[in-house]
Amino acid sequence: MLGGIHLAFKDGFVRRDTADLVNVFSIPPVPKPNNIAPAPSETGTNKGRNRKNKKVELSSPTQKEDSPATSQQSQSTKSPPTESTKSKRQEKKERKKAEWDAKCRAREDEARSLAGKEGKLKEFTEGLQRKEEEKAKRISGATQKNRTEVQQLRFAQSSLPEKKANVQTKPEPETMAGDAGSAPDAEVDFLISKKKRQRERELIGSGPAPSAKRKRKLGEPDSFPLLDNSPLIPSPKPPNPSPNPVASSPSLPQSNLPHKAQLRAQSHALLKQRELLPIWEHQHDLRQALREKNILVMLGETGSGKSTQIGQFLVSEPWVKKQRINDPRTGREVLVGGCIAITQPRRVAAVNLARRVAQEMGVHLGDDVGYAVRFDNKSSIEKTRIKFLTDGMLLQELLHDPLLKRYSAVVVDEAHERTIGTDLAMGFLRGLVYGARGGEKGLKLIVMSATIEVERMARFFEREKDMLEETVVDREGDRFMANGVDEVLEKSSSASEEEFTGCHIDSDEDKEAADGSEREVSRSTVARFQVPGRQFPIELYHAPEPVADYVDAALRTVFQIHYGEPMPGDILVFLTGQDEIEALQKLIKEYAQGMDKNVPKMCVLPLYAALPQVLQQKVFQHAPERNMRKVILATNIAETSVTVSGVRYVVDCGKVKTKRYRPRIGLESLLVTPVSKSSAMQRAGRAGREAAGKCFRLFTEENFLTLADTTVPEILRCDVSSAILTLKSRGQDDVLGFDYIDAPSRESLSKGLEQLFALGALDKTGKINAMGRKMAQLPLSPGLARVLVAAAEPKMDCLSEAIDIIAALSVENIFMTPQSEDKREEMKEAQQEFERREGDHLMLLLVVRGYDAQQSHKKLWAEKHFVNDRAMRSLIEARKQLRHYCQRLSSIPLPPPPQTITPDHGVRILKCFLKGFFHNTARLVPDGSYRTIMGSQPVGIHPSSALFGKKLEAIMYNEFLYTTKPFARLVSAIQMDWLVDASPMYLGGAEA
DNA sequence: GAGCACTGC
């Protein structure tokens with residue numbers, strides 16, 4: 001039996017090309033061997049997967065009965081509906097209970113023991129890393145790099161069906177003959193040695209590097225493991241040794257501040273690594289380009305080094321020093337410049353890049369190089385010349401300093417991610433570069449992206465002149481009102497297409513003109529630049545026919561890889577959520593038990609944001625045994641935020657959960673949708689970080705071709721009321737006329753405006769008023785910001801209570817979510833002391849107060865009450881910040897929080913919440929169900945609420961979500977007559 | 001009687 005499986009797998013993998021893989025994808029389901037150890041109680045059911053997807057078929061019919069995974073299914077279909085069914089069901093239920101209890105216990109134990117081992121593990125992994133560093137030093141970095149380039153050339157030709165066809169190829173005068181095109185295998189070694197010699201010459205310093213031709217490869221944001229691992233590993237060093245020379249840097253002594261000489265020495269040591277980065281040889285051209293033009297758009301691929309080097313290349317340019325300009329608004333002279341800002345979409349990225357660049361420059365973090373993220377600012381107004389910050393932070397600075405006076409240049413990194421933050425920042429920056437900070441002494445703007453969308457961005461920054469004319473003409477008619485988003489989208493996409501043909505930035509087929517050092521010499525206001533990345537080749541495989549159940553398909557593919565592909569090489573599987581991950585983890589573990597003894601073992605690891613930190617870290621550690629393959633089951637978190645080393649095989653289900661907003665009903669929902677092409681490429685790219693890799697797509701090639709090129713920008717998918725408030729508070733009152741890269745639909749914008757008006761943030765003409773300005777300063781959604789402003793009013797007088805509750809609402813769920821029913825019962829009991837008949841909001845307040853009351857045993861207390869300690873700690877941070885902001889907004893000092901909360905007090909708190917959430921209300925109708933007060937839609941109280949099952953006159957809720965049916969989450973009881981003064985403007989004539 | 005991807009101020 002075992003041999004049979006073995007052969008079955010082997011057959012599929014003797015030869016490795018797409019055609020064979022087609023067979024592999026369609027081979028019969030993995031048979032489950034008979035001699036599997038009898039399943040322990042926990043394999044008795046197949047919770048989740050079987051229930052959810054009936055199509056799953058994991059074993060052939062004859063083997064079904066042997067399979068613990070399916071025994072339950074066959075049982076239930078076979079047994080007649082006798083009186084024993086009931087007891088059987090009971091039995092099943094109990095078994096299920098036991099199983100989940102066991103699982104929970106196991107997980108808790110695991111977490112605990114891991115936490116204990118952490119110290120030892122760190123020691124161990126650091127030792128390993130030191131060894132690896134030494135090894136890396138021995139291997140010539142240059143050889144490594146050149147080999148990569150050659151492989152890239154070959155890869156790029158063979159894969160990537162998503163090439164743009166209409167690309168002009170430009171012959172290039174100064175290139176090496178054999179380098180450009182398809183190098184036959186025999187030539188490869190020759191090329192490597194040739195390039196190696198060249199590189200060695202370069203390293204000894206004999207003249208500038210001849211411009212090497214490179215090929216565009218899988219787009220992927222530039223991120224080295226040091227950077228990407230960090231969200232999960234707080235230590236400055238990743239525990240995993242990495243062959244990437246950038247990642248394995250000498251580490252600083254942790255104990256005290258390093259001496260200046262030490263810093264210099266380290267900086268010197270790092271210089272060698274920096275010189276190997278693809279961007280290094282282009283620094284002169286970059287500087288030159290920015291002397292000539294104020295805007296530069298750069299396509300920088302994975303590992304090009306753009307994020308770490310750009311600041312250092314520019315910091316000593318003459319235009320960085322402070323200079324006087326005329327502020328057109330006041331007519332007065334102001335002093336501007338002196339610092340380069342580099343924005344990132346994620347906090348960890350900003351912090352780690354700053355740390356790294358400080359090391360490279362040999363300076364203390366916070367002096368010449370610093371960062372600013374929420375809750376953490378390590379930069380100095382006088383000293384800092386390179387500052388990394390999140391895009392949200394840049395927008396925050398815009399609020400108090402509309403000219404961004406501190407900065408000589410702003411670099412927008414990872415622009416292709418198109419978060420609302422980056423999009424708004426780019427709109428504002430463009431306005432500055434062509435307005436108040438334009439001209440010869442103007443602000444420099446550098447936009448860096450990893451996808452071909454850069455060309456669209458270049459167009460966006462270029463079309464200022466046209467736009468101005470257009471806006472003047474269209475002002476009355478309102479361009480967006482009239483045409484809506486479709487026309488805008490259409491316009492931009494056709495623009496980018498024509499641009500591809502004329503632009504020197506090559507796309508995939510344009511091998512001839514791939515030299516980034518060549519700049520477009522034209523009258524364009526935007527300089528364009530391309531820097532190749534460092535990425536190993538990846539073989540792509542597609543499923544031959546559509547896959548009905550991708551969890552099942554992933555299961556088979558994982559085993560196929562495991563049997564057919566050599567070690568080492570870990571497998572990274574992309575799925576959409578925790579549910580799927582847990583289901584697949586269970587299945588793989590079951591089947592792995594039946595593997596032949598001489599087949600390497602597997603170590604299955606989940607990875608998603610909600611997973612406890614200690615368990616996340618396992619992904620970065622070595623497999624517990626030698627000759628063991630790690631199989632990482634991850635959500636989208638592994639696509640951008642986290643880089644796992646050691647991965648050579650990627651399995652991509654082709655789906656992702658995305659938020660969608662339907663403005664008409666004002667409802668946000670989370671849906672499983674197909675990924676975009678660039679997302680799929682990004683995922684595939686994860687297989688080629690350290691060596692050549694393979695990517696198995698669980699969808700057909702035809703399917704791939706129908707995917708959208710890029711992910712829909714966030715601003716087109718979400719509620720934009722918050723974005724509108726940001727715009728208006730920063731001087732852009734005409735939100736319909738703001739120059740978005742992609743404008744939200746007219747419907748979405750007007751819904752947002754309407755909401756803000758109802759909240760009292762805008763006056764009748766749509767201008768922001770005092771209330772709106774206050775709200776805009778708070779790091780909260782407009783609704784929650786409104787609550788805070790209301791709570792600060794003297795007659796309400798419950799500011800510190802409101803802050804506590806809002807802080808609880810703005811961090812991750814502060815309650816644990818136990819899996820087993822027993823645990824849930826236990827949790828209910830433990831939390832009884834917090835329960836209030838008013839509902840969830842006051843319950844949150846009591847939890848916060850309970851946590852506060854603990855002096856030294858906070859963690860224990862949290863554990864006992866099923867409260868998430870990590871969430872509580874970030875809650876405390878957020879509260880500190882909110883208090884700070886509130887104190888700034890009103891001169892009145894925060895009153896000390898009262899010890900008890902009287903019913904009257906509770907009413908006042910809830911009335912404040914109603915000011916921000918009057919639109920999220922429902923009332924009881926005669927049939928005993930709830931219907932929303934606006935729109936009269938049915939809605940039920942979510943089972944997670946303390947008010948679940950209760951019948952109340954009316955309810956208010958913070959969240960509306962649609963899963964199996966419409967649910968209200970975070971619910972409190974209200975009275976109908978409170979609604980009248982919650983938003984008189986909005987409810988004015990309506991019955992309330 | 002349900003179950004939520006990922007960020008950010």
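Bear in mind the structure is a predicted one, so any value in this text is a computation, not a measurement. Each chain gets a letter, A, B and so on, in the order its sequence line appears, and its residues count up from 1.
Screening Thr419(A), Thr640(A), Val373(A) for a side-chain contact (heavy atoms from CB on, under 4.5 Å) involving Arg346(A) leaves a single residue, Thr640(A).
Across the protein-nucleic acid pair, Asp401(A) atom CG and dC9(B) atom P stand 19 Å apart, rounded to whole Å. Rounded to whole Å, atom P of dG8(B) lies 16 Å from atom CZ of Phe388(A). Rounded to whole angstrom, the span from the CG atom of Leu395(A) across to the P atom of dC9(B) amounts to 11 Å. With rounding to whole Å, Glu414(A) atom CD is found 15 Å from dG8(B) atom C1'. Atom CG in Leu389(A) sits roughly 19 Å away from atom P in dT7(B) (whole-Å rounding). Rounded to whole Å, atom C1' of dA2(B) lies 14 Å from atom CD1 of Ile941(A). The distance from atom CD of Gln881(A) to atom P of dG8(B) is 13 Å, rounded to the nearest whole Å. Protein atom CD of Glu812(A) is 13 Å distant from nucleotide atom C1' of dC6(B), rounded to whole Å.
In terms of modelled atom types and a separation under 3.5 Å, the side chain of Arg686(A) and the main chain of Ala638(A) share a donor-acceptor contact.
Out of dT7(B), dA2(B), dC9(B), the shortest distance to the side chain of Ala609(A) is found at dT7(B). Counting only heavy atoms from C-beta on, Pro943(A) has its side chain closest to dG1(B) among dA5(B), dC6(B), dG1(B). For Lys657(A), the listed nucleotide lying nearest its side chain is dA5(B); candidates were dC9(B), dT7(B), dA5(B). Side-chain proximity of Phe948(A) to the nucleotides dC9(B), dA5(B), dG1(B) is greatest for dG1(B). Taking only side-chain atoms of Gln396(A), from C-beta outward, the nucleotide of dA2(B), dA5(B), dC9(B) with the closest atom is dC9(B). When distances run from any side-chain atom of Gln578(A) to the nucleotides dA2(B), dA5(B), dC6(B), the shortest one goes to dA5(B). The Arg346(A) side chain lies nearest to dG8(B) when the options are dA2(B), dG8(B), dA5(B).
Heavy atoms of Glu959(A) sit under 4.0 angstrom from at least one base atom. Residue contacts shown for Thr635(A) are limited to sugar-phosphate atoms, with no base heavy atom under 4.0 Å away. Using a 4.0 Å heavy-atom criterion, one finds that Val672(A) contacts no nucleic acid atom at all. Using a 4.0 Å heavy-atom distance criterion, Leu780(A) is classed as a base contact. Residue Thr390(A) is classed as a sugar-phosphate contact, given heavy-atom separations below 4.0 Å to backbone atoms only.
Using cut-offs of 30° and 60° for the angle between ring planes, the Phe960(A) and Tyr957(A) rings count as tilted.
One finds a salt bridge joining Lys387(A) and Glu397(A) here, because a Lys/Arg side-chain nitrogen approaches an Asp/Glu carboxylate oxygen to under 4.0 Å. Look at Asp376(A) and Arg347(A) and you find no salt bridge, because none of the NZ, NE, NH1 or NH2 atoms lies under 4.0 Å from a carboxylate O. Glu877(A) and Arg374(A) are not joined by a salt bridge, as no carboxylate oxygen comes within less than 4.0 angstrom of a charged side-chain nitrogen.
Checking Asn636(A) against Ser722(A), the closest nucleotide of DNA chain B that is more toward the 5' end is the one next to Asn636(A).
Arg347(A) has a side-chain polar atom (N or O) that falls below the 4.0 Å cut-off from OP1 or OP2 of dC9(B).
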